[in-house]
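Structure first, then comments.
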Amino acid sequence: MSTEPQVPAEDDLPEQLRIRREKRVNLIDRGIEPYPVSVPRTHSLAAVREKYKDLETDTATGDQASLVGRIIFKRDTGKLCFATLREGDGTEIQAMLSLDKVGQEQLDAWKSDVDLGDIVSVTGEIITSKRGELSLLANTWAMASKSLRPLPNDHKPMSEETRVRMRYVDLIVRPEARTVARLRPQVMRSLRETFTSQEFIEVETPMLQVMHGGAAARPFKTFSNAYDIDLFLRIAPELFLKRCVAGGLERVFEINRNFRNEGADSSHSPEFAMIETYQAFGDWRTIADLTRSLIQNAAKAVSGSHVVTHMNGREADLGGQWKEISLYDAISEGVGETVTALTPIAELKKYATKLGMKIDPKWVTGKLAEEIFEHVAQDKLIEPTFVMGYPVDTSPLVRAHREIPGVVEKWDLYVDGFELATGYSELVDPVIQRERLIEQAELGAKGDLEAMQLDEDFLRAMEFGMPPMGGMGMGVDRLLMALTGLGIRETILFPLVKPETD
RNA sequence: GGGCCUAUAGCUCAGUCGGUAGAGCAACGGACUUUUAAUCCGUGGGUCGACGGUUCGAGCCCGUCUGGGCCCA
(Lines give C-alpha, C1' and ligand atoms only; values in the text may rest on other atoms or scores of the structure.)
Protein backbone atom coordinates (compact mmCIF):
# COMPACT_ATOMS: atom_id res chain seq x y z
CA MET A 1 0.00 0.00 0.00
CA SER A 2 1.28 3.41 -0.94
CA THR A 3 1.11 6.28 1.50
CA GLU A 4 1.12 8.76 -1.38
CA PRO A 5 -2.10 10.69 -1.86
CA GLN A 6 -3.98 8.89 -4.57
CA VAL A 7 -4.99 10.95 -7.58
CA PRO A 8 -7.99 9.29 -9.15
CA ALA A 9 -8.24 8.70 -12.87
CA GLU A 10 -8.48 11.97 -14.80
CA ASP A 11 -12.23 11.87 -15.40
CA ASP A 12 -12.96 11.05 -11.73
CA LEU A 13 -11.21 14.16 -10.44
CA PRO A 14 -13.19 16.79 -8.60
CA GLU A 15 -14.13 19.64 -10.87
CA GLN A 16 -11.58 22.17 -9.62
CA LEU A 17 -8.63 19.79 -9.85
CA ARG A 18 -9.65 18.69 -13.34
CA ILE A 19 -9.96 22.27 -14.58
CA ARG A 20 -6.50 23.18 -13.34
CA ARG A 21 -4.95 20.14 -14.98
CA GLU A 22 -6.65 21.15 -18.20
CA LYS A 23 -5.17 24.64 -17.87
CA ARG A 24 -1.70 23.13 -17.52
CA VAL A 25 -2.18 21.08 -20.69
CA ASN A 26 -3.53 24.14 -22.45
CA LEU A 27 -0.38 26.10 -21.54
CA ILE A 28 1.84 23.35 -22.92
CA ASP A 29 -0.23 23.14 -26.11
CA ARG A 30 0.38 26.86 -26.65
CA GLY A 31 4.12 26.43 -26.16
CA ILE A 32 4.13 27.99 -22.66
CA GLU A 33 6.08 26.17 -19.97
CA PRO A 34 3.93 25.82 -16.78
CA TYR A 35 7.07 24.98 -14.74
CA PRO A 36 9.92 26.96 -16.34
CA VAL A 37 13.46 26.52 -15.10
CA SER A 38 13.66 30.22 -14.27
CA VAL A 39 11.61 33.40 -14.38
CA PRO A 40 12.64 37.07 -14.18
CA ARG A 41 13.18 38.31 -10.61
CA THR A 42 15.13 41.47 -9.84
CA HIS A 43 13.98 42.26 -6.31
CA SER A 44 12.35 40.54 -3.36
CA LEU A 45 8.94 41.90 -2.43
CA ALA A 46 10.40 42.88 0.94
CA ALA A 47 13.12 44.94 -0.74
CA VAL A 48 10.54 46.80 -2.83
CA ARG A 49 8.34 47.41 0.22
CA GLU A 50 11.34 48.78 2.10
CA LYS A 51 12.60 51.00 -0.70
CA TYR A 52 9.20 52.52 -1.55
CA LYS A 53 7.58 52.60 1.88
CA ASP A 54 7.07 56.36 1.79
CA LEU A 55 5.69 56.60 -1.74
CA GLU A 56 2.60 58.82 -1.98
CA THR A 57 -0.72 57.72 -3.40
CA ASP A 58 -1.06 57.58 -7.20
CA THR A 59 2.65 57.93 -7.98
CA ALA A 60 4.55 56.51 -10.94
CA THR A 61 8.25 55.99 -10.12
CA GLY A 62 9.53 55.09 -13.57
CA ASP A 63 11.52 52.29 -11.86
CA GLN A 64 11.35 48.86 -13.49
CA ALA A 65 11.35 45.58 -11.58
CA SER A 66 10.58 41.91 -11.99
CA LEU A 67 8.81 40.43 -8.97
CA VAL A 68 7.83 36.90 -8.09
CA GLY A 69 5.19 35.65 -5.69
CA ARG A 70 2.30 33.34 -5.08
CA ILE A 71 -1.11 34.70 -6.09
CA ILE A 72 -3.19 34.89 -2.94
CA PHE A 73 -5.80 37.35 -4.21
CA LYS A 74 -7.00 37.93 -7.75
CA ARG A 75 -9.55 40.26 -9.21
CA ASP A 76 -10.11 40.32 -12.95
CA THR A 77 -12.12 43.16 -14.44
CA GLY A 78 -12.59 44.08 -18.09
CA LYS A 79 -9.40 45.97 -18.85
CA LEU A 80 -7.56 46.21 -15.50
CA CYS A 81 -6.70 43.21 -13.35
CA PHE A 82 -5.43 43.13 -9.77
CA ALA A 83 -3.62 40.38 -7.93
CA THR A 84 -1.78 40.20 -4.63
CA LEU A 85 1.59 38.42 -4.67
CA ARG A 86 2.97 36.95 -1.47
CA GLU A 87 6.52 35.75 -0.91
CA GLY A 88 8.00 33.45 1.71
CA ASP A 89 8.30 35.88 4.61
CA GLY A 90 4.68 36.96 4.18
CA THR A 91 5.41 40.24 2.40
CA GLU A 92 2.73 41.09 -0.13
CA ILE A 93 2.68 43.43 -3.10
CA GLN A 94 -0.08 44.09 -5.58
CA ALA A 95 0.35 43.44 -9.27
CA MET A 96 -1.77 45.36 -11.77
CA LEU A 97 -2.22 44.32 -15.38
CA SER A 98 -3.87 46.83 -17.68
CA LEU A 99 -4.93 46.38 -21.28
CA ASP A 100 -2.89 49.35 -22.48
CA LYS A 101 0.35 48.01 -20.90
CA VAL A 102 0.26 44.27 -21.56
CA GLY A 103 -1.99 44.11 -24.63
CA GLN A 104 -5.09 42.05 -25.28
CA GLU A 105 -3.34 38.71 -25.73
CA GLN A 106 -1.39 38.79 -22.42
CA LEU A 107 -4.38 40.16 -20.54
CA ASP A 108 -6.62 37.37 -21.81
CA ALA A 109 -3.95 34.80 -20.98
CA TRP A 110 -3.65 36.22 -17.46
CA LYS A 111 -7.39 35.87 -16.94
CA SER A 112 -7.61 32.37 -18.29
CA ASP A 113 -4.31 30.82 -17.16
CA VAL A 114 -3.69 32.23 -13.69
CA ASP A 115 -5.45 30.91 -10.59
CA LEU A 116 -5.19 31.56 -6.88
CA GLY A 117 -2.15 29.69 -5.65
CA ASP A 118 -0.08 29.97 -8.84
CA ILE A 119 3.42 31.38 -8.55
CA VAL A 120 4.03 34.06 -11.17
CA SER A 121 6.62 36.59 -12.26
CA VAL A 122 5.50 40.08 -13.24
CA THR A 123 7.70 42.71 -14.85
CA GLY A 124 6.89 46.39 -15.01
CA GLU A 125 6.93 49.72 -13.21
CA ILE A 126 6.72 50.31 -9.48
CA ILE A 127 3.77 52.59 -8.75
CA THR A 128 1.17 53.33 -6.14
CA SER A 129 -2.46 52.90 -7.12
CA LYS A 130 -5.18 55.53 -6.82
CA ARG A 131 -6.03 53.89 -3.51
CA GLY A 132 -2.41 54.17 -2.33
CA GLU A 133 -1.49 50.49 -2.66
CA LEU A 134 2.16 49.87 -3.57
CA SER A 135 1.94 47.99 -6.85
CA LEU A 136 3.79 46.76 -9.86
CA LEU A 137 2.11 47.90 -13.07
CA ALA A 138 3.04 45.06 -15.40
CA ASN A 139 4.35 45.25 -18.93
CA THR A 140 4.60 41.48 -19.10
CA TRP A 141 4.14 38.42 -16.94
CA ALA A 142 5.19 34.76 -16.85
CA MET A 143 3.99 31.63 -15.07
CA ALA A 144 6.58 30.40 -12.56
CA SER A 145 4.66 27.39 -11.24
CA LYS A 146 1.11 26.34 -12.02
CA SER A 147 -0.84 25.20 -8.95
CA LEU A 148 -3.03 22.17 -9.62
CA ARG A 149 -4.95 22.40 -6.36
CA PRO A 150 -7.19 25.21 -5.12
CA LEU A 151 -6.09 27.04 -1.99
CA PRO A 152 -8.44 26.76 0.99
CA ASN A 153 -10.83 29.58 1.78
CA ASP A 154 -8.64 32.44 3.00
CA HIS A 155 -11.28 33.81 5.34
CA LYS A 156 -12.05 30.74 7.43
CA PRO A 157 -9.29 29.02 9.39
CA MET A 158 -8.51 25.48 8.31
CA SER A 159 -9.39 22.75 10.77
CA GLU A 160 -6.50 21.71 13.01
CA GLU A 161 -6.27 18.32 11.34
CA THR A 162 -5.95 19.83 7.88
CA ARG A 163 -3.34 22.30 9.12
CA VAL A 164 -1.21 19.50 10.55
CA ARG A 165 -1.64 17.07 7.66
CA MET A 166 -0.93 19.71 5.02
CA ARG A 167 1.48 22.03 6.79
CA TYR A 168 2.69 23.37 3.43
CA VAL A 169 -0.80 24.77 2.85
CA ASP A 170 -0.95 26.04 6.42
CA LEU A 171 2.33 27.88 5.80
CA ILE A 172 1.00 29.39 2.57
CA VAL A 173 -2.22 30.74 4.03
CA ARG A 174 -1.58 31.36 7.73
CA PRO A 175 0.97 33.98 8.81
CA GLU A 176 1.10 32.60 12.36
CA ALA A 177 2.31 29.25 11.01
CA ARG A 178 5.28 30.97 9.39
CA THR A 179 5.90 33.04 12.51
CA VAL A 180 6.13 29.93 14.66
CA ALA A 181 8.35 28.18 12.10
CA ARG A 182 10.77 31.12 12.32
CA LEU A 183 10.50 31.33 16.10
CA ARG A 184 12.03 27.92 16.65
CA PRO A 185 15.41 28.68 15.04
CA GLN A 186 15.52 32.00 16.91
CA VAL A 187 15.12 30.10 20.16
CA MET A 188 17.68 27.49 19.12
CA ARG A 189 20.21 30.20 18.31
CA SER A 190 19.59 31.91 21.63
CA LEU A 191 20.02 28.65 23.55
CA ARG A 192 23.33 27.92 21.84
CA GLU A 193 24.54 31.47 22.45
CA THR A 194 23.74 31.22 26.15
CA PHE A 195 25.55 27.90 26.42
CA THR A 196 28.53 29.14 24.45
CA SER A 197 28.80 32.31 26.54
CA GLN A 198 29.17 30.09 29.61
CA GLU A 199 31.78 27.86 27.98
CA PHE A 200 29.56 24.87 27.34
CA ILE A 201 30.38 22.85 24.23
CA GLU A 202 27.83 21.09 22.05
CA VAL A 203 28.25 17.36 21.53
CA GLU A 204 26.27 14.81 19.55
CA THR A 205 25.71 11.40 21.10
CA PRO A 206 24.08 8.27 19.67
CA MET A 207 20.43 8.12 18.72
CA LEU A 208 20.66 4.39 18.01
CA GLN A 209 21.56 2.78 21.29
CA VAL A 210 22.27 -0.78 22.31
CA MET A 211 20.33 -0.23 25.50
CA HIS A 212 17.96 2.49 26.56
CA GLY A 213 18.54 4.51 29.68
CA GLY A 214 18.62 7.96 31.17
CA ALA A 215 14.87 8.29 31.63
CA ALA A 216 11.77 6.32 32.50
CA ALA A 217 10.03 5.72 29.18
CA ARG A 218 9.18 3.02 26.68
CA PRO A 219 11.56 3.00 23.72
CA PHE A 220 11.11 2.39 20.02
CA LYS A 221 12.92 -0.78 19.04
CA THR A 222 14.70 -1.45 15.77
CA PHE A 223 17.24 -3.90 14.41
CA SER A 224 20.76 -3.72 12.98
CA ASN A 225 21.30 -6.13 10.11
CA ALA A 226 25.06 -5.55 10.14
CA TYR A 227 25.52 -6.31 13.84
CA ASP A 228 22.57 -8.72 14.14
CA ILE A 229 21.36 -7.04 17.33
CA ASP A 230 18.32 -5.15 18.55
CA LEU A 231 18.79 -1.40 18.85
CA PHE A 232 16.73 1.25 20.60
CA LEU A 233 16.02 4.79 19.52
CA ARG A 234 17.23 6.82 22.42
CA ILE A 235 14.83 8.03 25.07
CA ALA A 236 17.52 10.36 26.47
CA PRO A 237 21.20 11.19 25.86
CA GLU A 238 22.00 11.42 29.59
CA LEU A 239 24.28 8.42 30.01
CA PHE A 240 26.45 9.45 27.05
CA LEU A 241 26.71 13.08 28.11
CA LYS A 242 27.89 11.92 31.53
CA ARG A 243 30.53 9.78 29.81
CA CYS A 244 31.70 13.04 28.17
CA VAL A 245 32.02 14.72 31.56
CA ALA A 246 33.92 11.72 32.91
CA GLY A 247 36.29 12.19 29.99
CA GLY A 248 36.99 15.80 30.94
CA LEU A 249 34.53 17.68 28.73
CA GLU A 250 33.46 19.57 31.79
CA ARG A 251 30.53 21.53 30.36
CA VAL A 252 28.55 19.83 27.63
CA PHE A 253 25.12 20.18 26.09
CA GLU A 254 23.17 18.47 23.35
CA ILE A 255 20.08 19.68 21.52
CA ASN A 256 18.60 16.83 19.57
CA ARG A 257 15.72 14.46 19.12
CA ASN A 258 14.51 11.88 21.64
CA PHE A 259 11.95 9.17 20.88
CA ARG A 260 9.41 7.74 23.27
CA ASN A 261 6.99 5.03 22.29
CA GLU A 262 4.09 6.42 24.27
CA GLY A 263 0.87 8.32 23.79
CA ALA A 264 0.56 11.53 21.85
CA ASP A 265 -1.57 14.42 23.09
CA SER A 266 -1.48 18.21 23.33
CA SER A 267 1.79 18.15 25.30
CA HIS A 268 3.42 14.85 24.22
CA SER A 269 4.89 13.89 20.86
CA PRO A 270 6.57 10.51 20.11
CA GLU A 271 9.62 12.37 18.84
CA PHE A 272 10.58 15.62 20.46
CA ALA A 273 13.57 17.91 20.68
CA MET A 274 15.39 17.89 24.01
CA ILE A 275 18.14 19.91 25.58
CA GLU A 276 20.40 18.14 28.02
CA THR A 277 23.35 19.73 29.73
CA TYR A 278 25.90 18.75 32.38
CA GLN A 279 28.21 20.98 34.32
CA ALA A 280 31.14 19.51 36.21
CA PHE A 281 31.60 20.95 39.71
CA GLY A 282 28.07 22.33 39.58
CA ASP A 283 24.96 21.07 41.37
CA TRP A 284 21.18 21.40 41.18
CA ARG A 285 21.42 25.06 42.19
CA THR A 286 23.96 26.14 39.59
CA ILE A 287 22.07 24.22 36.93
CA ALA A 288 18.84 25.96 37.99
CA ASP A 289 20.56 29.31 37.44
CA LEU A 290 21.72 28.16 34.01
CA THR A 291 18.21 26.98 33.13
CA ARG A 292 16.71 30.31 34.13
CA SER A 293 19.18 32.23 32.00
CA LEU A 294 18.57 29.90 29.01
CA ILE A 295 14.82 30.51 29.20
CA GLN A 296 15.01 34.22 29.98
CA ASN A 297 17.47 34.82 27.13
CA ALA A 298 15.22 32.86 24.77
CA ALA A 299 12.25 34.96 25.84
CA LYS A 300 14.27 38.08 25.19
CA ALA A 301 15.35 36.77 21.79
CA VAL A 302 11.78 36.25 20.62
CA SER A 303 9.94 39.11 22.31
CA GLY A 304 12.60 41.62 23.31
CA SER A 305 11.86 41.25 27.00
CA HIS A 306 11.24 38.64 29.67
CA VAL A 307 7.52 39.17 29.20
CA VAL A 308 6.26 36.99 26.35
CA THR A 309 2.90 37.42 24.67
CA HIS A 310 1.07 34.21 23.91
CA MET A 311 -0.80 33.72 20.65
CA ASN A 312 -4.08 34.21 22.54
CA GLY A 313 -2.87 37.59 23.80
CA ARG A 314 -2.10 36.53 27.38
CA GLU A 315 1.17 37.92 28.73
CA ALA A 316 3.48 35.69 30.74
CA ASP A 317 6.29 37.21 32.79
CA LEU A 318 9.33 34.91 32.83
CA GLY A 319 11.62 37.53 34.41
CA GLY A 320 13.29 37.82 37.79
CA GLN A 321 14.11 35.11 40.29
CA TRP A 322 11.60 32.29 40.17
CA LYS A 323 9.50 30.90 42.99
CA GLU A 324 10.77 27.77 44.73
CA ILE A 325 8.53 25.35 46.58
CA SER A 326 9.32 22.05 48.28
CA LEU A 327 7.55 19.02 46.83
CA TYR A 328 6.78 17.54 50.23
CA ASP A 329 5.72 20.89 51.72
CA ALA A 330 3.27 21.28 48.84
CA ILE A 331 1.92 17.77 49.41
CA SER A 332 1.59 18.42 53.14
CA GLU A 333 -0.31 21.61 52.48
CA GLY A 334 -2.52 19.84 49.96
CA VAL A 335 -3.53 16.96 52.24
CA GLY A 336 -3.52 18.92 55.52
CA GLU A 337 -1.08 16.53 57.20
CA THR A 338 2.71 16.45 57.41
CA VAL A 339 4.04 14.27 54.61
CA THR A 340 7.71 13.48 54.07
CA ALA A 341 9.70 11.03 51.98
CA LEU A 342 9.55 8.73 55.00
CA THR A 343 5.73 8.67 55.19
CA PRO A 344 4.65 5.06 54.65
CA ILE A 345 2.83 4.19 51.43
CA ALA A 346 -0.27 3.07 53.36
CA GLU A 347 -0.72 6.60 54.70
CA LEU A 348 -0.15 8.12 51.27
CA LYS A 349 -2.82 5.83 49.86
CA LYS A 350 -5.22 7.00 52.54
CA TYR A 351 -4.61 10.66 51.60
CA ALA A 352 -4.89 9.91 47.88
CA THR A 353 -8.17 8.07 48.38
CA LYS A 354 -9.52 10.97 50.41
CA LEU A 355 -8.62 13.28 47.48
CA GLY A 356 -10.65 11.07 45.18
CA MET A 357 -7.61 9.90 43.21
CA LYS A 358 -7.45 6.55 41.50
CA ILE A 359 -4.37 4.66 42.59
CA ASP A 360 -2.36 2.39 40.32
CA PRO A 361 -1.21 -0.57 42.48
CA LYS A 362 2.09 -0.63 40.54
CA TRP A 363 3.10 2.77 41.91
CA VAL A 364 6.03 2.83 44.31
CA THR A 365 5.89 5.16 47.31
CA GLY A 366 7.67 8.02 45.58
CA LYS A 367 5.53 7.74 42.46
CA LEU A 368 2.40 7.97 44.61
CA ALA A 369 3.79 11.07 46.33
CA GLU A 370 4.46 12.69 42.94
CA GLU A 371 0.96 11.84 41.77
CA ILE A 372 -0.53 13.42 44.91
CA PHE A 373 1.59 16.50 44.26
CA GLU A 374 0.35 16.82 40.70
CA HIS A 375 -3.21 16.34 41.88
CA VAL A 376 -3.09 19.06 44.53
CA ALA A 377 -0.67 21.58 43.04
CA GLN A 378 -0.20 21.35 39.29
CA ASP A 379 -2.96 23.79 38.39
CA LYS A 380 -1.32 26.41 40.60
CA LEU A 381 2.06 26.21 38.85
CA ILE A 382 1.40 28.85 36.21
CA GLU A 383 4.20 31.30 36.95
CA PRO A 384 7.67 29.70 36.62
CA THR A 385 8.24 27.59 39.72
CA PHE A 386 11.03 25.24 40.78
CA VAL A 387 9.60 22.27 42.68
CA MET A 388 12.46 21.11 44.88
CA GLY A 389 13.31 17.72 46.36
CA TYR A 390 11.97 14.49 44.83
CA PRO A 391 11.69 10.96 46.24
CA VAL A 392 14.72 8.74 45.75
CA ASP A 393 12.86 5.71 44.40
CA THR A 394 11.73 7.47 41.22
CA SER A 395 15.08 9.14 40.51
CA PRO A 396 17.79 6.50 40.09
CA LEU A 397 20.37 8.87 38.60
CA VAL A 398 20.20 11.61 41.23
CA ARG A 399 22.36 12.23 44.28
CA ALA A 400 20.76 12.00 47.73
CA HIS A 401 19.76 15.32 49.30
CA ARG A 402 22.57 16.54 51.54
CA GLU A 403 20.15 17.09 54.47
CA ILE A 404 16.71 15.55 53.93
CA PRO A 405 16.47 11.74 54.19
CA GLY A 406 14.67 9.86 51.39
CA VAL A 407 14.89 12.86 49.10
CA VAL A 408 17.21 13.54 46.16
CA GLU A 409 18.56 16.85 44.89
CA LYS A 410 16.20 17.09 41.96
CA TRP A 411 13.91 19.89 40.86
CA ASP A 412 11.21 20.11 38.26
CA LEU A 413 10.50 23.46 36.65
CA TYR A 414 6.82 24.11 35.99
CA VAL A 415 5.52 26.87 33.69
CA ASP A 416 1.89 27.29 32.64
CA GLY A 417 1.00 24.18 34.59
CA PHE A 418 3.26 21.77 32.74
CA GLU A 419 6.72 20.39 33.44
CA LEU A 420 9.25 22.27 31.34
CA ALA A 421 12.60 21.10 32.68
CA THR A 422 14.19 18.94 35.32
CA GLY A 423 17.56 19.38 37.05
CA TYR A 424 19.73 17.29 39.34
CA SER A 425 22.76 17.13 41.46
CA GLU A 426 23.94 14.06 39.58
CA LEU A 427 24.75 10.79 41.29
CA VAL A 428 28.43 10.04 40.66
CA ASP A 429 29.08 7.27 43.21
CA PRO A 430 29.49 4.15 41.03
CA VAL A 431 28.63 1.73 43.83
CA ILE A 432 25.33 3.43 44.71
CA GLN A 433 24.62 3.92 41.02
CA ARG A 434 25.02 0.19 40.43
CA GLU A 435 22.59 -0.60 43.27
CA ARG A 436 20.00 1.82 41.85
CA LEU A 437 20.30 0.44 38.33
CA ILE A 438 20.02 -3.13 39.57
CA GLU A 439 16.75 -2.12 41.25
CA GLN A 440 15.63 -0.72 37.91
CA ALA A 441 16.61 -3.91 36.10
CA GLU A 442 14.56 -5.90 38.61
CA LEU A 443 11.56 -3.66 37.95
CA GLY A 444 12.12 -4.27 34.25
CA ALA A 445 12.23 -8.02 34.81
CA LYS A 446 8.92 -7.73 36.64
CA GLY A 447 7.37 -6.12 33.57
CA ASP A 448 7.89 -2.39 34.10
CA LEU A 449 8.39 -1.36 30.48
CA GLU A 450 9.67 2.07 31.50
CA ALA A 451 12.46 0.78 33.75
CA MET A 452 16.07 1.45 32.80
CA GLN A 453 18.46 -1.27 31.68
CA LEU A 454 21.75 -1.96 33.41
CA ASP A 455 24.37 -0.18 31.34
CA GLU A 456 27.69 -1.74 32.38
CA ASP A 457 29.73 0.53 30.15
CA PHE A 458 28.16 3.59 31.77
CA LEU A 459 29.00 2.19 35.21
CA ARG A 460 32.56 1.51 34.08
CA ALA A 461 32.86 5.16 33.02
CA MET A 462 31.63 6.22 36.46
CA GLU A 463 34.10 3.85 38.14
CA PHE A 464 36.94 5.77 36.50
CA GLY A 465 35.74 8.76 38.54
CA MET A 466 33.14 11.32 37.52
CA PRO A 467 33.41 14.83 38.91
CA PRO A 468 30.47 16.11 40.95
CA MET A 469 28.08 17.74 38.52
CA GLY A 470 24.74 19.34 37.95
CA GLY A 471 22.59 18.24 35.03
CA MET A 472 19.41 19.42 33.35
CA GLY A 473 16.98 18.33 30.66
CA MET A 474 14.40 20.56 28.97
CA GLY A 475 11.96 19.92 26.14
CA VAL A 476 12.53 22.37 23.30
CA ASP A 477 8.98 21.94 22.03
CA ARG A 478 7.67 22.67 25.49
CA LEU A 479 9.90 25.74 25.73
CA LEU A 480 8.27 26.91 22.49
CA MET A 481 4.89 26.20 24.11
CA ALA A 482 5.81 28.29 27.14
CA LEU A 483 6.95 31.15 24.91
CA THR A 484 3.91 31.05 22.60
CA GLY A 485 1.08 29.41 24.52
CA LEU A 486 0.57 26.97 21.61
CA GLY A 487 0.00 23.21 21.72
CA ILE A 488 2.87 20.91 20.89
CA ARG A 489 1.51 20.07 17.44
CA GLU A 490 1.65 23.75 16.54
CA THR A 491 5.30 24.12 17.57
CA ILE A 492 6.40 21.09 15.49
CA LEU A 493 6.21 21.61 11.74
CA PHE A 494 5.39 18.01 10.90
CA PRO A 495 4.10 16.18 13.95
CA LEU A 496 3.39 12.49 13.56
CA VAL A 497 -0.16 11.85 12.33
CA LYS A 498 -1.76 8.60 11.37
CA PRO A 499 -1.70 8.10 7.62
CA GLU A 500 -4.80 9.03 5.69
CA THR A 501 -6.82 6.09 4.48
CA ASP A 502 -9.02 6.00 1.41
C1' G B 1 -7.78 0.79 28.32
C1' G B 2 -12.82 3.64 29.52
C1' G B 3 -16.33 7.75 28.47
C1' C B 4 -18.12 11.82 25.48
C1' C B 5 -18.00 14.58 20.85
C1' U B 6 -17.00 14.42 15.61
C1' A B 7 -16.56 12.97 9.87
C1' U B 8 -21.59 16.37 4.43
C1' A B 9 -18.84 20.28 -2.23
C1' G B 10 -11.81 22.33 -3.24
C1' C B 11 -12.04 25.07 2.05
C1' U B 12 -15.16 26.38 6.39
C1' C B 13 -19.73 24.80 7.92
C1' A B 14 -25.59 24.31 8.11
C1' G B 15 -28.98 20.34 7.30
C1' U B 16 -35.53 20.89 11.64
C1' C B 17 -39.94 15.44 12.50
C1' G B 18 -36.73 9.83 8.53
C1' G B 19 -39.50 12.04 2.58
C1' U B 20 -35.51 14.82 -4.37
C1' A B 21 -28.56 17.77 -0.63
C1' G B 22 -27.79 23.63 1.38
C1' A B 23 -24.84 28.42 2.36
C1' G B 24 -20.35 31.51 2.19
C1' C B 25 -15.78 31.58 -0.11
C1' A B 26 -13.58 28.95 -4.29
C1' A B 27 -14.69 27.26 -9.61
C1' C B 28 -17.03 27.95 -14.72
C1' G B 29 -19.54 31.65 -18.56
C1' G B 30 -20.65 36.99 -19.13
C1' A B 31 -20.33 42.76 -17.82
C1' C B 32 -16.87 46.29 -15.57
C1' U B 33 -9.55 50.57 -16.19
C1' U B 34 -8.50 51.39 -9.30
C1' U B 35 -10.26 46.35 -6.85
C1' U B 36 -8.87 45.32 -1.16
C1' A B 37 -13.53 38.93 1.37
C1' A B 38 -15.60 44.25 -5.09
C1' U B 39 -20.44 44.27 -7.38
C1' C B 40 -24.11 42.45 -10.89
C1' C B 41 -26.29 38.40 -14.22
C1' G B 42 -26.00 33.20 -15.24
C1' U B 43 -23.99 27.96 -14.45
C1' G B 44 -21.77 23.60 -12.74
C1' G B 45 -19.87 20.84 -8.66
C1' G B 46 -21.77 15.49 -3.64
C1' U B 47 -20.17 7.34 -3.15
C1' C B 48 -23.15 12.68 3.07
C1' G B 49 -15.82 8.44 6.25
C1' A B 50 -16.54 2.66 5.29
C1' C B 51 -19.50 -1.72 5.87
C1' G B 52 -23.88 -3.87 7.66
C1' G B 53 -29.00 -3.40 9.84
C1' U B 54 -34.13 -1.24 10.67
C1' U B 55 -37.68 1.08 7.17
C1' C B 56 -41.98 1.75 1.58
C1' G B 57 -37.98 5.36 2.12
C1' A B 58 -31.72 6.81 5.91
C1' G B 59 -27.03 12.46 5.72
C1' C B 60 -30.49 11.76 9.95
C1' C B 61 -32.22 5.80 13.71
C1' C B 62 -29.19 1.10 15.37
C1' G B 63 -24.46 -1.90 15.17
C1' U B 64 -19.32 -2.62 13.75
C1' C B 65 -14.95 -0.48 11.86
C1' U B 66 -11.59 3.67 10.46
C1' G B 67 -9.75 8.77 11.07
C1' G B 68 -9.89 13.20 14.25
C1' G B 69 -10.81 15.94 18.96
C1' C B 70 -11.71 16.35 24.34
C1' C B 71 -11.96 14.23 29.24
C1' C B 72 -10.67 10.24 32.56
C1' A B 73 -7.28 6.03 34.15
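None of these values were measured; they are calculated from a predicted model. Reminder, nothing fancy here: chain letters follow the sequence lines and each chain counts from 1.
- The ring-ring contact (aromatic ring centres under 6.0 Å, His included) pairs that include a residue from residues 84-115 of chain A are A:Trp110-A:Trp141, where partners are two or more places apart or lie in different chains.
- Under the side-chain contact (heavy atoms from CB on, under 4.5 Å) criterion, A:Asp412 pairs with A:Tyr390, A:Lys410, A:Tyr414, A:Glu419, A:Thr422, sequence neighbours left out.
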Enumerate the protein-to-nucleotides 21-25 of chain B contacts in which both atoms are nitrogen or oxygen and the separation is below 3.5 Å.
| residue | atom | partner | partner atom | Å |
| --- | --- | --- | --- | --- |
| B:rG24 | N2 | A:Asn153 | ND2 | 2.8 |
| B:rC25 | O2' | A:Asn153 | OD1 | 3.3 |

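- Residues satisfying the side-chain contact (heavy atoms from CB on, under 4.5 Å) criterion with A:Asp108, sequence neighbours excluded, are A:Gln104.
- Scanning for side-chain hydrogen bond (donor to acceptor under 3.5 Å, both in side chains) contacts around A:Glu33 gives an empty result, with sequence neighbours left out.
- Taking every side-chain heavy atom of A:Met96 into account, B:rU34 is the closest of B:rU34, B:rU36, B:rU33.
- Contacts of A:Thr365 classified as side-chain contact (heavy atoms from CB on, under 4.5 Å), with partners at least two apart in sequence or in another chain: A:Ile345, A:Leu348, A:Asp393.
- Expressed to the nearest 0.5 Å, how far CD1 of A:Ile126 lies from NE2 of A:His43 amounts to 7.0 Å.
- With B:rU34, B:rC28, B:rU12 as the choices, the nucleotide that has an atom nearest any side-chain atom of A:Ser159 turns out to be B:rU12.
- A:Asn258 and A:Glu276 share no side-chain donor-acceptor pair at under 3.5 Å.
- Partners of A:Glu371 by salt bridge (Lys or Arg N to Asp or Glu O under 4.0 Å), not counting sequence neighbours, listed by chain and number: A:Lys367.
- In this structure, A:Arg165 does not reach the B:rG67 phosphate: none of its side-chain N or O atoms is under 4.0 Å from OP1 or OP2.
- Pairs engaging residues 322-361 of chain A under the ring-ring contact (aromatic ring centres under 6.0 Å, His included) rule: A:Trp322-A:Phe386 [sequence neighbours left out].
- Checked against B:rC28, B:rA26, B:rU12, the side chain of A:Pro150 finds its nearest nucleotide in B:rA26.
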Original post:
If the sugar-phosphate is the primed atoms plus P, OP1 and OP2 and the base is the rest, what is the B/S/- string for nucleotides 41-47 of chain B, using protein heavy atoms under 4.0 Å?
Top reply: ---BS--

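- In this model, the phosphate group of B:rU36 is not approached by any side-chain N or O of A:Thr84 to a distance below 4.0 Å at OP1 or OP2.
- The side-chain hydrogen bond (donor to acceptor under 3.5 Å, both in side chains) check on A:Glu160 picks up A:Arg489, with sequence neighbours excluded.
- Contacts between residues 107-120 of chain A and RNA chain B, defined by a heavy-atom separation below 4.0 Å, involve A:Asp115, A:Leu116, listed by number.
- Identified under the salt bridge (Lys or Arg N to Asp or Glu O under 4.0 Å) test for residues 79-89 of chain A, with sequence neighbours left out: A:Arg41-A:Glu87, A:Arg86-A:Glu92.
- Contact annotation: A:Thr77 side-chain N/O to B:rA31 OP1/OP2 distance is not under 4.0 Å.
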